[in-house]
Amino acid sequence: LQDLTEEHSLDMARRNFIADASHEFQTPLTSIGVTAEFLLEEEDKESREGYLRSILEQQRRLTELVDDMLLLSRLESRPPQEEMEDLDLVELVELVTLEHREHPLASEVTFSTSLPEDALCKGRRDDLIRAIGNVVGNGVKYVRKRFDDRPGGAISISLEDRDSLWVLTVDDNGVGISETLGASIFERFNRGDSSRTRQGWGQGGYGLGLAIAKRIVDSHGGTIELIRSQGGATFEISLPQSKRP
Ligand code: ADP
């Protein structure tokens, strides 16, 4: 009986996934169609270029959506194949921070970091970079949603040793998160109302980034939590430490 119940809930999950995903595809697909129709009627060269650019932007976002869905389904359907390797989390965090700090859209965002000398753990490098990147990227995205290109936005990133775990804290003073969303923020396709209004910052807007981050962190025996959601947001990722050889 338990097998049947499990089978049933898997089936439900699959159906929900397909329904949610199809829904996400509808808007950009409709928009591409409408824009293409305008394009057919339009003679002015500049307006035609504008329509074409808009089609390309939608295409880019659809590609991102498909990539994220494939990654999520890979993470959900089977345990990762790649072996865990010895990693230094400090190096990964520095890499991710640098990438975001240097981004032209983040020029008015202040980054601060507090990192130990090293932080050894076992993991899959690319996956962990992705998970940390999604959380830091959100910080930048939602700080910008509040401050835009004005100064005042800040992100602080710290890594500390806590009871044989490495705890990475990513803190921002962006728009914050409503209580309702906060309760299910790691579920796929869950996102805030305004998440799609800003274009042009990394991936996202579909509510898959944190679902992906959670699957990755879980598969490393770690946890990811939202620990503050008012006046900005704070996320914590904890990962088991590995011993120095
Ligand atoms: P998205 O691609 O929409 O950003 P995520 O899964 O990464 O998807 O995040 C889900 C939702 O959680 C977002 O739509 C946004 O509303 C909210 N969120 C995530 N991180 C933050 C943050 N640092 N500040 C404010 N809201 C956030």
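Atoms within a ligand are numbered from 1 in the order they appear, just like the ligands themselves.
Arg188 places no side-chain N or O within 3.5 Å of a backbone atom of Gly207 that could act as its donor or acceptor partner. Trp166 places a side-chain N or O within 3.5 Å of a backbone atom of Leu120 that can act as its donor or acceptor partner. Judged by distance alone, the side chain of Arg146 and the main-chain N or O of Val175 form no donor-acceptor pair under 3.5 Å.
The shortest side-chain heavy-atom distance between Asp126 and Arg130 does not fall under the 4.5 Å cut-off.
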Pair Ser164-Gln241, side-chain hydrogen bond (donor to acceptor under 3.5 Å, both in side chains): steps then yes or no: CA-CA 6 Å; Ser164 47; Gln241 298 183 356; 5.9 Å; no
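Close approach to Asn190 involves these atoms of ligand 1, each under 4.0 Å from a residue heavy atom: 10 (C), 11 (C). Near Leu210, the atoms of ligand 1 lying under 4.0 angstrom from a non-hydrogen atom of the residue are 5 (P), 6 (O), 7 (O), 9 (O), 19 (C). Contact atoms of ligand 1 toward Leu208: 6 (O), 8 (O) (distance under 4.0 Å to a heavy atom of the residue).
The side chain of Phe235, and not its backbone, has at least one atom closer than 4.0 Å to an atom of ligand 1 (non-hydrogen atoms only; side chain from C-beta on).
Between Tyr206 and Pro28, the shortest heavy-atom distance links the atoms OH-CG, 4.3 Å. Of all non-hydrogen atoms in Pro240 and Cys121, the two that sit nearest each other are O-CB, 3.4 Å.
Note: an N/O pair closer than 3.5 Å links Gly207 and ligand 1 by distance alone. Inclusion of Ala211 in the set of residues having an N or O under 3.5 Å from an N or O of ligand 1 is not warranted. In terms of N/O distances under 3.5 Å, ligand 1 is not approached by Ala233.
Residue contact annotation: Gly176 has a non-hydrogen atom under 4.0 Å from ligand 1. Residue contacts with ligand 1: Lys141 is included, with a non-hydrogen atom under 4.0 Å away.
Of the candidates Asn138, Ile177, Asp172, Leu181, the one placing a heavy atom closest to atom 26 (N) of ligand 1 is Ile177. Looking at Tyr206, Tyr142, Phe186, it is Tyr142 that brings a heavy atom closest to atom 22 (C) of ligand 1.
In this structure, Phe235 and Phe186 have perpendicular ring planes: the angle between them is above 60°, well past the 30° mark.
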